[in-house]
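In what follows, a structure is listed as structure tokens, so that the remarks can point back to it.
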2 protein chains.
Amino acid sequence: MKKPRAAAESAAPLPEWEALVVEAVGTVIEFWRFKRNQGRVWALLYLRGRELTAAELQEALELSKGAVSMVTRELEQWGVVSRSHAGSDGVWRFRAETDLMKMVGRVIEARESKLVLGVKADLERAERLARQRDDVPPDVLARLQRMKTLAAVIDRAVRGFLHTARLDVGGAVSVLSGVLPARRARRTSARVNPG
Amino acid sequence: MKKPRAAAESAAPLPEWEALVVEAVGTVIEFWRFKRNQGRVWALLYLRGRELTAAELQEALELSKGAVSMVTRELEQWGVVSRSHAGSDGVWRFRAETDLMKMVGRVIEARESKLVLGVKADLERAERLARQRDDVPPDVLARLQRMKTLAAVIDRAVRGFLHTARLDVGGAVSVLSGVLPARRARRTSARVNPG
DNA sequence: CTTGCAGTTCAAGCGCGCTTGAACTACACC
DNA sequence: GGTGTAGTTCAAGCGCGCTTGAACTGCAAG
């Protein structure tokens with residue numbers, strides 16, 4: 001075999017600083033309702049900056065064979081990781097895309113959209129049903145109305161957030177890729193939202 | 001027993017339109033990582049617009065005794081529901097507060113803050129450790145740096161979202177209370193929210 | 001064709017947090 | 001004091017989604 005590894009199999013195979021980064025990203029991604037291991041895989045690929053094989057991922061992150069397969073497929077479907085069949089040995093290699101936020105934003109937006117549409121429909125149906133009855137006092141109807149307003153307001157705020165996050169991150173300055181805006185400015189985050 | 005209810009115990013004791021609203025709020029609140037039943041309880045209290053006893057909540061929402069106790073206590077701690085010991089029969093009654101978003105915003109902000117601070121600390125520690133070594137190439141350090149930037153950007157976007165949501169909802173026009181901008185109408189729980 | 005490795009699939013297992021319900025406390029009334 | 005009702009607490013149970021690992025597919029070399 002071509003893997004004469006030195007360290008024991010059970011010990012954490014990652015240097016501490018890499019582990020810290022990987023776990024940090026895992027935690028954040030988990031917070032956004034993705035799977036922790038999706039974040040960990042992406043983080044390692046991004047940090048290393050080169051292609052890694054499934055076996056390398058499996059060992060570095062202590063995942064099972066199945067988990068690597070699942071997680072990479074999902075990341076690929078979202079377009080945050082790409083896979084290449086590098087000719088030499090016929091083994092798949094994975095690489096991180098740098099427009100993470102665009103994709104995360106898209107997914108979050110889709111989820112939020114689905115939720116809001118459902119809620120909106122339910123509230124409207126409830127209102128219709130309530131108006132058909134004669135035992136629902138007008139102040140109750142008014143509050144039902146206000147809930148619809150609240151829903152709309154939250155929806156707008158969420159879309160604003162996504163817009164801001166994606167523009168700031170993926171816009172003029174691509175934070176994660178190496179592309180810097182011009183000669184000047186090391187870290188000028190493109191300020192898009194006024195205020 | 002003083003509760004000669006007509007319907008069977010197992011059937012949904014809520015008219016459909018109310019159930020729709022209650023479940024819709026439950027779904028939304030769950031999406032924001034609160035407990036579904038917290039949303040359901042608040043929604044019913046808000047919709048009814050009057051105080052309800054624990055027993056009424058329990059029956060209407062088909063909750064256990066313990067669940068009502070827990071959920072109401074949590075809602076109370078967050079200040080979205082208030083409890084009053086209405087003298088007559090020495091029974092607790094609950095009422096919905098209308099500044100829901102302020103509280104939800106506060107809680108989300110606290111959570112997000114905790115997360116971001118932890119992640120920030122970890123990334124900085126990772127960077128320090130990495131710089132102490134001689135085997136970490138500069139491009140890797142640069143990417144680590146960029147991750148820190150990304151974290152800061154996301155953090156700003158989240159705070160922007162919370163700011164927007166709270167201002168829009170709790171600001172000049174208090175959406176959930178009865179206070180309307182011009183024509184001030186019926187329920188004057190006159191809440192004035194300064195920016 | 002057989003062997004062996006890379007990768008995929010999916011049923012079963014596991015972990016984790018929510019809910020239940022019974023025991024317990026508090027308090028009012030007799 | 002005793003009895004009854006309202007409310008609280010918390011260990012055990014349950015549900016649900018993620019992970020595992022073994023069986024399976026596919027492919028390339030012998």
Side-chain angles (χ1 to χ4, degrees), chain A residues 1-5 9-10 22-23 26-27 29-42 45 51-78 81-95 107 111, chain B residues 1-3 9-10 22-23 26-27 29-42 45 51-78 81-95 107 111:
Chain A
M1 287 307 344
K2 40 272 315 267
K3 290 198 286 183
R5 242 168 299 94
E9 291 290 311
S10 55
V22 161
E23 297 310 324
T27 302
I29 221 68
E30 196 173 27
F31 186 79
W32 292 104
R33 326 181 84 110
F34 297 89
K35 292 187 207 151
R36 161 165 275 261
N37 283 335
Q38 290 169 351
R40 301 208 312 144
V41 166
W42 180 86
L45 289 174
E51 298 188 324
L52 296 184
T53 64
E56 286 169 327
L57 289 173
Q58 182 180 344
E59 195 199 334
L61 301 175
E62 298 184 294
L63 297 173
S64 69
K65 214 161 170 264
V68 172
S69 177
M70 272 206 49
V71 167
T72 50
R73 187 163 45 78
E74 290 157 349
L75 291 174
E76 223 188 326
Q77 283 169 353
W78 291 335
V81 156
S82 63
R83 161 190 312 228
S84 68
H85 215 170
S88 64
D89 54 355
V91 158
W92 288 112
R93 285 162 196 282
F94 301 93
R95 166 178 286 280
V107 175
R111 287 184 194 158
Chain B
M1 290 307 301
K2 41 267 317 267
K3 291 197 284 184
E9 290 290 313
S10 55
V22 161
E23 298 309 325
T27 301
I29 221 68
E30 195 173 27
F31 186 79
W32 292 103
R33 332 190 95 164
F34 298 88
K35 292 187 207 151
R36 162 165 274 260
N37 282 334
Q38 291 169 351
R40 301 207 314 144
V41 166
W42 179 86
L45 290 174
E51 298 188 324
L52 295 185
T53 65
E56 285 169 328
L57 289 172
Q58 182 180 345
E59 195 199 334
L61 301 175
E62 298 183 294
L63 296 173
S64 69
K65 215 160 168 264
V68 172
S69 177
M70 273 207 48
V71 167
T72 50
R73 186 162 46 78
E74 290 157 350
L75 291 175
E76 224 187 325
Q77 282 168 354
W78 292 334
V81 156
S82 63
R83 162 191 311 229
S84 69
H85 213 171
S88 63
D89 55 355
V91 158
W92 288 111
R93 283 160 197 283
F94 301 93
R95 166 178 286 280
V107 175
R111 286 183 193 159

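Predicted model, so just to flag it, every value in this text is computed and none were measured. Computation of the quantities below employed the complete heavy-atom set of this structure, encompassing side-chain atoms and omitting hydrogens, waters and symmetry-equivalent molecules. Below, chain A is the first sequence line, B the second, and so on; all start at residue 1.
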Which value, rounded to the nearest 0.5 Å, describes the distance between [X] atom [atom1] and [Y] atom [atom2]?
X       : Y       : atom1 : atom2 : result
A:Lys35 : A:Ile29 : NZ    : CD1   : 13.0 Å
A:Ser69 : A:Gln58 : OG    : CD    : 10.5 Å
B:Leu45 : B:Arg93 : CG    : CZ    : 12.0 Å

Legend entry - base_contact_polar (D:dG7 base, B:Lys65 side chain, donor-acceptor, <3.5 Å): yes
Measure from [atom1] on [X] to [atom2] on [N] and round the result to the nearest Å.
X       : N      : atom1 : atom2 : value
A:Leu63 : C:dA6  : CG    : C1'   : 16 Å
A:Gln38 : D:dC18 : CD    : C1'   : 11 Å
B:Leu61 : C:dT20 : CG    : P     : 11 Å
A:Leu52 : C:dA6  : CG    : P     : 16 Å
B:Glu56 : D:dG7  : CD    : P     : 11 Å
A:Trp92 : C:dC5  : CH2   : P     : 20 Å
A:Leu57 : C:dA6  : CG    : P     : 14 Å
A:Glu30 : C:dC16 : CD    : P     : 11 Å

Legend entry - Proximal nucleotide (of D:dG7, C:dT20, D:dT20) relative to the B:Ala54 side chain: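 Between D:dG7, C:dT20, D:dT20, the one nearest the side chain of B:Ala54 would be D:dG7.
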Legend entry - Lys/Arg cation over aromatic A:Phe31: B:Arg111, 6.0 Å, 45° cone: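 The answer is no, since B:Arg111 fails at least one limit relative to A:Phe31.
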Any [X] side-chain N or O less than 4.0 Å from OP1/OP2 of [N]:
X       : N      : value
A:Arg93 : C:dG7  : no
B:Asn37 : C:dC18 : no
B:Arg83 : D:dT8  : yes

Legend entry - Residues within residues 67-76 of chain B bordering DNA chain D, heavy-atom distance below 4.0 Å: B:Ser69, B:Arg73
Legend entry - B:Leu61 to B:Arg40 - nearest heavy-atom pair and separation: O-NH2, 2.6 Å
Inset, instruction - Taking all non-hydrogen atoms of both residues into account, name the closest pair between A:Thr27 and A:Arg36 and its distance. - result: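 In this case the closest contact between A:Thr27 and A:Arg36 is OG1-NH2, 2.6 Å.
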Inset, instruction - Could you check whether the rings of A:Trp78 and A:Phe34 sit parallel, tilted or perpendicular, using 30° and 60° as the cut-offs? - result: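 Perpendicular, since the angle between the ring planes exceeds 60°.
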